[in-house]
Amino acid sequence: MKVRTRYAPSPTGALHIGNVRSGLFAYLFARHHKGTFILRIDDTDAERSSRESLEEILESLRWLSVDWDEGPPDPQYFQSNRLERYREGASRLLREGKAYPCYCSPEQLEAMRKQAEREHRKPGYDGRCRDLTPQAELAKIPIPNRAAGRNYTIRFRAPRSGSTVVEDLIKGRAVFENHELDDLIIVRSDGLPTYNFATVLDDADFGITHVVRGDDHLPNTPRQMQIFYALGIEPPAYAHLPMVMGPDGQKLSKRHGATSVFAYRELGYFPEALLNYLVRLGWSHGDQEIFSKEEMIEYFDFAACGKSAGIFNPEKLLWLNFHYLKQRSLEQLAREVRPFIEKRGWKIPGDQKWLEKMVATLRERAKTLVELADFASFYLNDEIRLDPKAAAKFLKPEIAEPLKSLARELETLEGEFTEASIQSAFQRVLADFNLKLGQLAQPVRVALTGGSVSPGIYEVIAVLGRERTVARLAKAIDLLSRQHQ
RNA sequence: GGUCCCAUCGUCUAGUGGUUAGGACACCGGCCUCUCACGUCGGGAACGGGGGUUCGAAUCCCCCUGGGAUCACCA
């Protein structure tokens with residue numbers, strides 16, 4: 001049987017990295033088995049679903065290159081376009097006596113829950129409407145429709161004895177006693193299906209063979225399986241992935257800070273790094289840490305998935321990002337950092353080649369594109385901000401003469417303005433004033449970059465160019481002379 | 001609280017009865033060096049507890065403890 005998996009996000013917010021990991025695993029499993037990966041949009045909650053969320057989800061997946069074989073823009077992969085199908089499914093269950101109308105109001109239900117809690121009973125629905133409607137009448141019950149004044153819900157008649165066994169591909173066997181399950185609502189009073197019902201119908205209709213999702217869904221699974229049985233359909237296989245937790249050990253959520261795919265894109269992370277990080281959280285292949293997408297697909301296997309929840313570790317993600325940054329060509333890196341520079345409103349005083357030279361001096365000091373752009377500030381803006389501490393430490397009166405001498409040497413350098421010729425200029429000044437390299441390099445660094453930390457001083461000068469270097473040196477010399485008048 | 005899931009360094013993990021318990025991130029130290037990085041070399045750091053099974057348990061079983069998820073007309 002050909003493998004068919006699906007990822008079914010609901011467009012009620014940003015695409016969350018914990019959530020997208022489930023999608024990634026479903027994707028990898030399908031690709032590994034040369035199967036089909038389906039993207040379905042669970043948008044039956046009209047209140048919370050939004051167009052923007054949908055767009056963000058689709059763009060996030062495209063950015064991560066998690067591509068789907070079936071799904072949007074095809075309208076049939078939106079639950080909101082399948083409402084007729086769900087009504088039909090509910091009608092059938094009604095007709096067969098496997099569902100019934102429930103006339104309890106949300107307020108009553110809430111009160112019953114509270115009451116049960118006070119009395120330390122389980123808070124589930126007690127089934128009071130289960131036998132209210134005679135069997136023969138059931139077939140005639142219409143699907144609720146508030147507009148038509150039909151204010152009730154349809155509940156699934158769950159079995160009250162026996163047990164439901166989930167043979168999970170990751171967790172192993174989990175046995176649920178059926179008397180623990182209550183009769184869940186499958187159609188709301190507004191006529192829309194609830195999640196557990198719509199999901200089952202979709203998984204059945206689309207021929208899903210393996211349901212891959214977070215283990216927060218494990219308690220839903222016996223309920224969904226019972227609906228499958230009621231429909232006379234064999235349930236799919238299940239694989240429940242452990243959760244991704246925040247540093248506090250709680251399920252990762254917005255309150256943990258940056259958690260959406262978009263957030264990491266804006267923070268200057270690469271999709272390869274995020275993918276690589278996510279795949280190693282809960283899955284492993286021996287001691288290997290770095291995986292290309294092709295390798296992930298080749299090696300992926302539920303047997304190698306861990307069973308326990310993992311804590312999201314931003315440092316490791318950062319390290320991976322650095323790894324992919326180092327691996328990039330200068331050409332690509334320069335191209336990718338551009339939008340980040342432009343976002344800061346900085347102009348690039350040179351062509352693509354110049355930008356590549358600039359990036360070359362910075363790349364091993366930056367772990368993200370954002371850091372790369374930020375470090376480039378002194379190359380791109382002539383109005384550099386002098387770090388007071390660095391200036392106080394290195395821009396002292398006795399260095400004025402060597403700086404003047406260096407400026408003259410650089411100005412009169414014959415031939416090409418290269419790191420090698422710059423170095424020769426430095427050596428002449430060093431010899432003339434009997435200084436060590438560090439004694440000159442640090443003051444120059446402060447004069448050129450504003451701070452005491454930068455790439456190698458020859459590289460900085462070569463990228464900055466003769467004119468801008470000399471201008472900045474002159475400015476520093478000027479500052480020194482004015483300070484000591 | 002009921003139900004279900006889980007348990008190896010701080011974190012991600014390897015390990016499927018016999019290992020000096022391995023790797024990675026992070027951390028600490030040496031080297032490199034014009035600063036900072038990069039790189040490189042080295043270091044500290046774990047089998048939650050108690051019972052079994054076995055010649056032998058991180059590995060198998062039970063109990064305890066701890067953590068998590070879930071109990072909606074959300075998904």
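Chain identifiers are assigned alphabetically (A, B, ...) following the order of the sequence lines, protein sequences preceding nucleic acid strands; residue numbering begins at 1 within each chain. Note that this is a predicted model, so its numbers are computed, not measured.
For A:Asp216, taking side-chain heavy atoms from C-beta onward, the closest of the listed nucleotides B:A26, B:A69, B:C73 is B:A69. Of the candidates B:C38, B:C34, B:C71, B:C38 carries the atom nearest the A:Lys326 side chain, counting heavy atoms from C-beta on. Among the nucleotides B:A69, B:C25, B:C12, the one closest to any side-chain atom of A:Glu315 is B:C25. The side chain of A:Leu437 approaches B:C34 more closely than any other nucleotide in the set B:C25, B:A75, B:C34. Taking the side chain of A:Arg365 as heavy atoms from C-beta on, and the options B:C36, B:C38, B:C34, the nearest nucleotide is B:C36. The side chain of A:Tyr195 lies closest to B:A75, out of B:C5, B:C34, B:A75. When distances are taken from the side chain of A:Leu218 to each of B:C5, B:A69, B:C73, the shortest belongs to B:C5. Proximity note for A:Phe176 (side chain, C-beta onward) versus B:C38, B:C4, B:C25: the nearest is B:C4. Among the nucleotides B:A37, B:A75, B:C73, the one closest to any side-chain atom of A:Ile185 is B:C73. Taking the side chain of A:Met245 as heavy atoms from C-beta on, and the options B:G68, B:U3, B:C12, the nearest nucleotide is B:G68.
Rounded to the nearest Å, the gap between the P atom of B:C47 and that of B:C63 is 24 Å. Here the separation of B:C31 from B:G66, taken at their P atoms, is 48 Å to the nearest Å.
Base pairing of B:G42 is made with B:C28, judged by Watson-Crick or G-U wobble geometry with both donor-acceptor distances under 3.5 Å. If you check B:A72 for Watson-Crick or wobble pairing at under 3.5 angstrom, you find it has no partner at all. Base pairing of B:C47 is not made with any nucleotide, judged by Watson-Crick or G-U wobble geometry with both donor-acceptor distances under 3.5 Å. Of the nucleotides present, none pairs with B:U20 by Watson-Crick or G-U wobble criteria with both distances under 3.5 Å. With a cut-off of 3.5 Å on both Watson-Crick or G-U wobble distances, the partner of B:A7 is given as B:U65.
Nucleic acid contact for A:Ser284: sugar-phosphate only, since backbone atoms but no base atoms lie under 4.0 Å from a heavy atom of the residue. Base engagement by A:Ile457 is indicated by at least one non-hydrogen atom pair under 4.0 Å involving a base atom. Contacts of A:Cys305 with the nucleic acid, taken as non-hydrogen atoms under 4.0 Å apart, are absent. Note on A:Gly306: nothing from the nucleic acid sits closer than 4.0 angstrom, heavy atoms only. A:Ser452 comes within 4.0 angstrom of a nucleotide base, judged by non-hydrogen atoms across all strands. As judged by a 4.0 angstrom heavy-atom cut-off over every strand, A:Thr153 is placed among the base-contacting residues. Contact annotation for A:Gly124: no contact, since no heavy-atom pair falls under 4.0 Å across all strands. Within the nucleic acid shown, A:Pro144 has no heavy atom closer than 4.0 Å to any nucleic acid atom. A:Val444 comes within contact range of no nucleotide atom at all, as no heavy-atom separation falls under 4.0 Å. A:Gln250 comes within 4.0 angstrom of the backbone, heavy atoms only, and of no base. Residue A:Lys436 is classed as having no contact, given no heavy-atom separation below 4.0 Å to the nucleic acid. Within the 4.0 angstrom heavy-atom criterion, base atoms lie near A:Asn220. Nucleic acid contact for A:Arg173: sugar-phosphate only, since backbone atoms but no base atoms lie under 4.0 Å from a heavy atom of the residue.
When the side-chain nitrogen and oxygen atoms of A:Lys316 are compared with OP1 and OP2 of B:U13, none of them lie within a distance under 4.0 Å. In terms of phosphate contacts, A:Arg280 brings no side-chain nitrogen or oxygen within less than 4.0 Å of OP1 or OP2 of B:U11. In this structure, A:Arg213 does not reach the B:A69 phosphate: none of its side-chain N or O atoms is under 4.0 Å from OP1 or OP2. Listed pair A:Gln439 / B:C34 fails the phosphate criterion, with no side-chain N or O lying under 4.0 Å from OP1 or OP2. Contact annotation: A:Thr44 reaches the phosphate of B:A75 (side-chain N/O to OP1 or OP2, under 4.0 Å). The phosphate of B:A72 (OP1 or OP2) has a side-chain N or O of A:Arg113 nearer than 4.0 angstrom. Contact between the side-chain N/O atoms of A:Lys307 and the OP1/OP2 oxygens of B:C6 is found at a separation under 4.0 Å.
Between the side chains of A:Asp248 and A:His256, at least one donor N or O sits under 3.5 Å from an acceptor N or O. Side chain to side chain, A:Thr153 and A:Arg188 fail the donor-acceptor criterion of an N or O pair below 3.5 Å. For the residue pair A:Arg223/A:Gln226, the side-chain donor-acceptor check at 3.5 Å is not satisfied. With no hydrogens or angles considered, no side-chain donor-acceptor pair links A:Gln79 and A:Arg82 at under 3.5 Å.
Under the 4.0 Å criterion applied to side-chain N and carboxylate O atoms, A:Lys326 and A:Glu364 are not assigned as salt-bridge partners.
Taking the six-membered ring where tryptophan is involved, the planes of A:Tyr299 and A:His285 are essentially parallel, since the angle between them stays under 30° and well short of 60°.
Between the CD atom of A:Gln224 and the P atom of B:A75 there is a distance of 12 Å, rounded to whole Å.
Shown here for A:Ser405 and A:Val429, the closest heavy-atom pair between the two residues is OG-CG2, 3.5 Å.
Interface remark: the A:Glu289 side chain does form a donor-acceptor pair with the B:G23 base, using a distance-only criterion of under 3.5 Å. A donor-acceptor contact under 3.5 Å is formed by the side chain of A:Ser189 with the base of B:C73.
Both A:Thr194 and A:Asp182 lie close to RNA chain B; mapped to their nearest nucleotides by heavy-atom distance, the more 5′-ward contact belongs to A:Asp182.
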Exercise. Please walk me through it: do A:Ile227 and A:Thr199 pass side chain to side chain contact (heavy atoms under 4.5 Å, CB included)?
Worked result: CA-CA 10 Å; A:Ile227 297 175; A:Thr199 293; over 6 Å; no
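Here A:His217 counts as stacked on B:A75: its ring centre is under 5.5 angstrom from the base ring centre and the planes meet at under 30°.
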